[in-house]
Amino acid sequence: MVKENALAWAIIKDSFVDLAGDEEHSAPGVTMASPTVVLVPFCVPGHLTSMLDAGKRLLGSSGCPMSLTVLVTPMTMSANLMSQVDDLARREAESGFDIRFHHLPAVELPTKEHGAEEFIMRFIQLHEPYVKAAISGMSSPVAAVVLDYFGTTLLDVARELALPAYVYFTSAASMLALMLRLPALDEEVAGDLEAVEGAVDVAGLPPVPAGLMPEPLMKKDPNYASFVYHGRRFMEAAGIIVNTVAELEPAVLAAIAEGRCARAPRSNVYPIGPVLSFKPPGEQQHECVSWLDAQPPASVVLLCFGSMGGSFPSPQVRAIADGLERSGHRFMWVLRGPPPAGSPYPTDADVHELLPEGFRERTKDRGFVWPKWVPQKDILASAAVGGFVTHCGWNSILESLWHGVPMAPWPLYAEQHLNAFELVSVMGVAVGMEVDRKRGNFVEAAELERAVRSLMGGGSEEGRKAREKAAEAKALCRKAVEDGGSSDVSMQKLAREICAKHSTQGCEAAGAMRSD
Ligand SMILES: COc1cc(-c2[o+]c3cc(O)cc([O-])c3cc2O[C@@H]2O[C@H](CO)[C@H](O)[C@H](O)[C@H]2O)cc(OC)c1O
Ligand SMILES: O=c1ccn([C@@H]2O[C@H](COP(=O)(O)OP(=O)(O)O)[C@@H](O)[C@H]2O)c(=O)[nH]1
C-alpha cells in the first residue's frame, strides 16, 4: 500500500541523480528565426509529455509562426527518464513541429530535510541562473515562458527578462482553486489542517471534508509552505493554463475567474484539456487489448493505479481478489510488485506468489491479472471496458472520461482524495467507494464488491447515474477540443495573447536580455 509521505520522498530520491549536459536536439533543418515559447517542465513523464502536447497545440492554434524550446532540467532525471526524454526529443524532431530541446546543467542538490514538494521548489530555484542564461542566449526572440506549477520561483527570471510567464497546471481546476485559496486559508486556520473538524470551504466546490485534503496540506511544515507559496505566486503569472475542460468544472473555474478563490480575480485561466498524449499509431496490439477484444461490450471492470501504485500488502491483495470474485463481473486487474528500496515505482508482480490460492483458476474465464505496466489509454479505448477502479490521478481521470468510462475512485496519494471527491460529489461520473485513509487507504472486500456491482450495472441508481454522466462527459470532452469547442477557443485566445504580447513587448524584452 502506498504510504503518502514516504511515497513523496521516494519519488524524489529515485528521481534525482546528477546529470550534466547541454545537448540540443531539434528537427533537422529547422531554423529558429520565429519567436519561440520556452517550456520549463517538471521533467517527470506525466508533466513533461503533457506540457509538450499542450505546447504543440499552441503552435497549431497560433496566428503567428512560433517554435517551442523545451528546457530540460536534469533535476528529476533518472537514467531511465533521461532516455525517455531523448526518445521523445527524437520523435519530436521527426514530427515536423518546430521544437528544440535544451539540456540545462545539473546543480548541486539542496538538503532533503523537508518534504518532496519543498525540495522540488528549492531545486527548481537553484536552476534560475541557468534558465536565465539559456533564455538570454537564445538565437530566436522569446515570446513567452511556460512554467510547471512546481516552478513558480522562475517567475522572477521571466520578470527580470520582461517576458510574459504562464503556469501550466497538469491537475484539476479544483486543485488549482485550493492552491489559490491557500494563502488566505493559511491565515484563517491557526493550526494544522488535519486538526480541522468538518469541511474546508473552497469556492466553486461543495464543502470539502478536511480529511480529503492533499497530503502535503495536512501539516503546516515547509512542505505545506511551498504550496502556500505557489498559490500566492500563481497570481503573478500572465495566465494559468489548465489541463481541464471548462464544461467539466464550470463552477470552480467561475469562482477562480471571479476572485472567489484567491483575493483577486484570476481572469486569465485557460482550460485547454483534455490534453492526452496518444502514442503514434502502428505499434503491435498489446496482449491485454487482445483479451479485451474477446469480451462483450462494457462487461469488464479495469483496476489500474497509476505510475506509482498497484502494489499492495497481502491483506489488501486478498480483499481485492475476494471482492472481484464475489462481484461475479469480468475484470482486468493491473497488480504490481513492491517498489525496490528507495524507488516509488512498482516492479513486475509475481502473481503466483501474491494471489490467494486457487483465485486464478476459479476466475480464469472472466479475469485477467497483468503484472506490468499496461497501455492504459488503449485499454480504456476498448469497448469491453465498462468501469474503472482508479487511483484518481488526473491524467487517468481525463483518459477515462475521454472514453466515457465511469469510475470507482480509490485515491492513494498526492491530491487524489480531492479528485475522488469531485468525481463523485460534483461531476457524478463515479460511484463512491469507502477508502480508509487512516488504514493506508484500505478497501474492504465487501466494499469493492458493492462498488463494482454498482458501477457495472447492478441496478443501483448511483451506478446508473455515473454511467449516464460519464457518457455525457465523453461528449463534452470531445466537443471541447473540436474546432470552436471551449478548449480550442481557449487555446486560440492564449495563442493570440502570446502573439500580441510579443509584438508589443518584444522590444522591451529584447532590451532587457541585451542589458544582461
Ligand atoms: C497536484 O498535487 C500534487 C502532486 C504531486 C505529484 O508529485 C510528483 C512528484 C514527482 O517527483 C513525480 C511525479 O510524477 C509527481 C506527480 C504528482 O502528482 C500527479 O501528477 C499528475 C500529472 O503528472 C496528475 O496531476 C496526478 O493527478 C497527480 O497526482 C504530489 C503531491 O503531494 C505529494 C500533490 O499534492
Ligand atoms: O500501467 C500503467 C499505469 C499508468 N499509465 C499511465 O500513466 C499516467 C498516470 O498519470 P496519472 O495522472 O493518472 O497518475 P500518476 O501516475 O501521476 O499518479 C496515465 O497517463 C496512465 O494512462 C499507463 O499507461 N499504464
Side-chain angles (χ1 to χ4, degrees), residues 2-16 41-51 53 75-78 81 115-121 123-124 148-150 168-176 178-179 182 213-218 223-224 226-227 230-231 242-244 273-279 286 288 302-311 332-336 343-346 348-349 370-381 388 390-400 402-403 407 409 411-420 422:
V2 177
K3 291 227 176 48
E4 296 174 73
N5 274 335
L7 174 84
W9 261 116
I11 295 167
I12 296 312
K13 276 182 35 218
D14 179 62
S15 306
F16 283 68
F42 175 36
C43 284
V44 293
H47 289 236
L48 171 67
T49 46
S50 183
M51 192 190 273
D53 282 323
M75 60 182 184
T76 49
M77 288 292 149
S78 66
L81 278 176
E117 290 71 29
E118 195 259 351
F119 182 83
I120 295 172
M121 183 188 82
F123 201 86
I124 294 179
D148 188 273
Y149 66 93
F150 283 130
Y168 182 57
F169 201 80
T170 45
S171 197
S174 56
M175 180 64 188
L176 173 62
L178 176 60
M179 286 181 77
L182 270 183
M213 285 290 113
E215 189 61 24
L217 303 189
M218 290 295 206
N223 202 32
Y224 161 92
S226 73
F227 273 76
H230 294 311
V242 195
N243 185 10
T244 191
V275 177
L276 304 173
S277 312
F278 291 108
K279 67 176 180 351
H286 195 272
C288 290
L302 168 70
L303 294 88
C304 188
F305 301 92
S307 55
M308 297 171 230
S311 165
M332 175 169 284
W333 176 11
V334 184
L335 172 63
R336 307 297 308 275
S343 166
Y345 298 108
D348 293 352
W370 186 255
K372 306 177 201 189
W373 182 264
V374 289
Q376 184 179 284
K377 288 184 211 80
D378 297 348
I379 289 174
L380 286 166
F388 182 18
T390 170
H391 77 307
C392 295
W394 188 242
N395 291 306
S396 295
I397 289 171
L398 291 177
E399 290 160 16
S400 200
W402 180 255
H403 294 292
M407 286 161 273
L412 297 174
Y413 50 89
E415 87 298 19
Q416 293 153 11
H417 289 270
L418 178 67
N419 293 345
E422 194 181 18

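Indexing begins at 1, ligand by ligand and atom by atom, following the structure's order. Keep in mind that this is a model prediction, so the values were computed, not measured.
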Report the C-alpha distance between Val275 and Tyr168 in whole Å, list the side-chain angles of each, state the deciding distance to 0.1 Å, and finish with yes or no for side-chain contact (heavy atoms from CB on, under 4.5 Å).
CA-CA 12 Å; Val275 177; Tyr168 182 57; 3.7 Å; yes
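- Aromatic rings from His391 and Tyr413 are positioned such that their centres are separated by under 6.0 Å.
- Taking CG of Asn419 as the start and CD1 of Ile397 as the end, the distance is 4.5 Å to the nearest 0.5 Å.
- Inter-residue side-chain proximity for Phe169 and Met179 is flagged as met; some heavy-atom pair is nearer than 4.5 Å.
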Go through Thr170 and Tyr149 one step at a time and tell me if the side-chain contact (heavy atoms from CB on, under 4.5 Å) criterion holds.
CA-CA 8 Å; Thr170 45; Tyr149 66 93; 3.1 Å; yes
side-chain contact (heavy atoms from CB on, under 4.5 Å), that's the test. Do Asn243 and Ser50 meet it? Break it down for me.
CA-CA 8 Å; Asn243 185 10; Ser50 183; 3.8 Å; yes
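- Within ligand 1, the atoms closer than 4.0 Å to a non-hydrogen atom of Asn395 are 21 (C), 22 (C), 23 (O), numbered from 1 in the order shown.
- Nearest to atom 24 (C) of ligand 1 by heavy atom, out of Tyr413, Trp394, Phe150, is Trp394.
- Ligand 1 places these atoms under 4.0 Å from at least one heavy atom of Phe227: 34 (C), 35 (O).
- Classification of the His47-Phe42 ring pair by plane angle, with boundaries at 30° and 60°, yields perpendicular.
- Taking a cut-off of under 4.0 Å to the non-hydrogen atoms of Ala414, the atoms of ligand 1 that pass are 3 (C), 4 (C), 5 (C), 29 (O), 30 (C), 31 (C), 32 (O), 33 (C), 34 (C), 35 (O).
- The shortest side-chain heavy-atom distance between Arg336 and Asp348 falls under the 4.5 Å cut-off.
- Of all the atoms in ligand 1, the ones that sit under 4.0 Å from a non-hydrogen atom of Gln416 are 29 (O).
- The option from Glu415, Met308, Met51, Met179 that lies nearest to atom 15 (C) of ligand 1, judged by heavy atoms, is Met308.
- Close contacts between ligand 1 and Pro216 involve ligand atoms 32 (O), 33 (C), 35 (O) [criterion: under 4.0 Å to a heavy atom].
- In the vicinity of Met175, heavy-atom distances shorter than 4.0 Å reach the ligand 1 atoms 2 (O).
- Considering only heavy atoms from C-beta on, Leu178 comes within 4.5 Å of Pro214 through its side chain.
- Proximity of Phe119 to ligand 1, defined as any heavy-atom pair under 4.0 Å, is not found for any part of the residue.
- Close contacts of ligand 1 with Gly393, meaning ligand atoms under 4.0 Å from a residue heavy atom, involve 26 (C), 27 (O).
- In this structure, the separation between CD1 on Ile124 and CG on Asp148 is 6.0 Å, given to the nearest 0.5 Å.
- Around ligand 2, the residues contributing at least one heavy atom under 4.0 Å from the ligand are Cys304, Gly306, Ser307, Trp373, Val374, Gln376, His391, Gly393, Trp394, Asn395, Ser396, Glu399, Tyr413, Gln416.
- Using a 4.5 Å heavy-atom cutoff, the side chains of Lys377 and Trp402 are not in contact.
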